[in-house]
Amino acid sequence: MNFDLTSDQKMLQDQVRKFARTELAPVAPEIDKSGEFPWENLKKMAKLGLLGIIIPEEYGGSGFDFISLAIAVEEISRVCATTGVIVAVNNSLCAYPILQFGTEEQKKKYLPPLCSGEKIGAMGITEPNAGSDVAGMESTARLEGDYYILNGTKRFITNGGEAGIYVVFAYTNKEMKHKGISAFIVERDTPGFTLGKHEDLMGIRATANCELIFEDCKIPKENLLGEEGQGFKICMNTLDVSRIDIGAQAVGIAQGALDEAIKYSKERKAFGQPICNFEMIQSMLAEMATQIHAARLMVYYAGYCKDKGMKRFSKEAAMAKYYASSITVDVARKALQIHGGYGYTKDYTIERLYRDAKILELYEGTSEIQKLVIARELTR
Amino acid sequence: MGLIIFNDEQTLIQNEVKKFVKDKLSPIADEIDKKEKFPEEIITTLTELGLMTIMVPEDYKGAGLDCTSLCIAAEELSKECASIGLVMVVNNCLVGYALSRYGTQFQKTQYLNSLSDGVIGGYGFCPEINNPERLLKSEKKGGNFVLSRGNGFILNGAVAEFILFSNFQEKKFLLFPKQAGLKLKNQYILGMRSAGIVRFEFNQIEVPETSSFSFDNKVFDLAYIGFSAVGLGIARAALDSAIKYAKERKQFGRPICEFPMVQELITKMKIAVETSRLLVYESAKCFDNNEDSSLIANITRVYVTETAVLCGLNAIQVYGGYGYTKDYPVERYLRDAKTLQVLLGQPYLAKSLIAKEILL
Amino acid sequence: MEIVVCIKRVPQTAEAEVKVDPSGRDIVKDRLTFDINEADSYALEQAILLKEKYGGSVTAISLGPAEAEDTLRIALAKGADNALRIKEEDFTPLDGYKTALILYNIIKDLKYNVILTGCIATDDGYSQVGPIIAELLGIPHATLVTELEIKDEKAEVVRELEGGLLERLEINLPALFAVQTGINEPRYASLLAIRRAAKKEIKTLGGADIQGEVKSLSVLEKLYVPPVERRAEILSGSMDEISEKLVQIIKEKGLL
């Protein structure tokens, strides 16, 4: 069992960490405050190849593996969780399904702009009445001549308000139940597609989280992704993979919180000594570090399963996401406690991390759903 | 319920406050938080109802009621808007009670009386209270105290006309009007955004000797209990919201309250809320009976604030993605709960006080 | 244009506590992180900018331990074409002269139009190596370079002097330039470049590749943290009186 990062992965980690610290960290507070989509950050990251980390070079990507994607998302999220999730979604929720299930024409058309940053990607699954119950979605698409006519509403779509390319799911055949869902690649300027409500969130506030409204939206039939009825499978497969980098985002936020807590506990004095000398603080820091370490290993392992080509890794991916998201909330809480009196003010990054952390237990499948996935795999 | 029996007076207060909350507070609670505005109109009404001076003795135009009554009112107010509950508790426990119990005759006449006229008192503290180098240092100069270099927070600071500062090293309160030379700064805070909490700093400030007076721990016991009642209100709000949502929201063809995992989230909340309630009113009773309430107050503040945070987290979890948006109040419950917990002091410090009491 | 750039791997001590080790001649290194010397990262960027503008190739050289290969690999990812590590372990102890002598020995057999180094290393702070290499090679050099342009086989440089003064020079190539931080904005290695760098080889050279003897000219006797003394005197009086007193003190301390 080799736990070492490869030379390429080490260099990627080194460069992304430096980049994040120097370029992303200083603007993170303002991004959170204004809630404005961080195009500047994305442009810089596109130049480094971070928007298409797992996409092969021939389509404009950087040709790295999923562990590398996890490393990159973690380093970015450590200083700016919003930017971290935008990069994660671009890579694994939009570019990845097109790479995995798309025709050669679709790959050639849509992957290069996603990698170059010319267009940002998003995925539309969730609806007002269908969150955890993916198959409960109500959007429909019917074939009429050369077009699919798409009708429905998607809600809480990360990158939704600024994306140019969307992977959207809808029922093409309600009778087949979840085997009647299909996936489509939808471009932003397709007639019949408008943006709805922009969500005001507690944390990760600059992800352009938006409602997508489809009213007799005409999608060229070449934009069907995969086959009719393959949508649910595409969705589940994509979520398995994206749990790796969303887990990495959770680890990143937790690591950022730990960094802040250690720094603060060394500086802040009480009873004549830095508070990091007190057993209670040491106990908390130790717990935090252990939780992060475990979560990171689980995320890397899920990435390894994918990179190795394992056919089924839903359980490992769900475990990584479930565990990482629960510890990040706990680590952020402890870090805020260590900061005490000043921690809840905006002078200190930790207040933002505390708000950012909670979403990890909710999106990409709530923790409860992750547990159902794990249990199902255990009892098959 | 069982151990917690309210007398007629207390029941009356509970009903009155519930009514006030439903009619006047409920419609604007969300707006108050979003605007991060100190709700002056509400505070005026609360003063008129006597809630801002609920524990101030009748001699000084207060309602002269007990800690249990305070907790009842704080709980009901905080269930709707924790910021308001906090303002009320600070005014009553840290200002009103401190003055009435420890203040000089002059101070009581001057300041205590004014509370029932709608004047609000603030409470200032330096978070780094255990760092001797950063404490409020006071030196005598003539008939004055000279305080050197302080920085920290003032609860109710946005509208307080006078402020009590705590100097823990010397166990003294210092009382002075707001304009005595403090630099106040608005501070963006995680939660309790409408409670008017401000940042202060000063370099040198002179206050007359007559403005200082000693205190003992009893005032903080009361504060812990009062703040815990606020936490209880937040926890109950989160629990009730979660129950309501779980019954309405359908997924997989059924209301989500039928799913055991959702039930688990809510059951945990319910157990914690009931226990918190018992603790709050037990400590209030202890305080009202003039018993030593330090230990129970510490236990209460640790447990209830943890409960409030747990309920905030679990309520968001029950709501799923919706819970994370500002369209629903649950994310505010979490933010308010966490802020309250930090304000009340790190649990690990409170726990070491408990440990000291029972082990050493 | 053939460009050689010398880079050094140094401990990052800005936010770390530095302790002297038991030998009294080195610092405790096991808790520190290491990275490319700050000024050298600007030198590397300048080398790549020159290559991008005028064509040619960049060779990055580092006299360092095995770990210096990580630093060289990133240099390759950022655009260097060749990388050479000279095994520091074959030559310790080193002083500035010996380092320069070793580097000179290797560089003299390479093709070069421009040699770049950083102006100062953040660990020992000697600023010697660049100028000594130039002298040994018999080529002109300039230090504290903040601007560098090439025009018809000549370099036009700007040097940063004290007091905000700038000096403009014209220098014939081949020449060596020790660059100042801020001369450019060092890039981050893109992911594609990182992958491509894996195909480039890092050559290792050691004692056997140096002809002749290489000797230090100085010996490090002792490394210590200056004792902390607390003494502050507040001068009072009129501006003239204070100035008088200040001059007096400065004279007494032998600083004038």
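Remember, predicted model here, so these are calculated numbers, not experimental data. Atom set for the values below is all heavy atoms of this structure, side chains included, hydrogens, waters and symmetry mates excluded.
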With a 4.0 Å cut-off, would you call A:E267 and A:K263 a salt bridge?
no

Any salt bridge between C:K51 and C:E2, counting N to O under 4.0 Å?
no

Where on C:A189 is there a heavy atom nearer than 4.5 Å to chain A: the side chain, the backbone, both, or neither?
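The answer is both parts of C:A189.
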
Go through the atoms of C:D35 and report whether side chain, backbone, both or neither lie under 4.5 Å from a heavy atom of chain A.
side chain

Using the ring centroid of each side chain, check whether A:F3 and A:Y301 are separated by less than 6.0 Å.
no

Counting only non-hydrogen atoms closer than 4.5 Å, does A:K47 touch chain C with its backbone (N, CA, C, O), its side chain (CB onward), both, or neither?
backbone

Could you check whether any side-chain N or O of A:T6 sits under 3.5 Å from a backbone N or O of A:Q9, counting only pairs where one atom can act as donor and the other as acceptor?
yes

Among the listed options A:G52, A:G61, A:S7, A:G63, the residue most often paired with chain C at heavy-atom distances under 4.5 Å:
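Of the candidates given, the most pairs with chain C belong to A:G63.
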
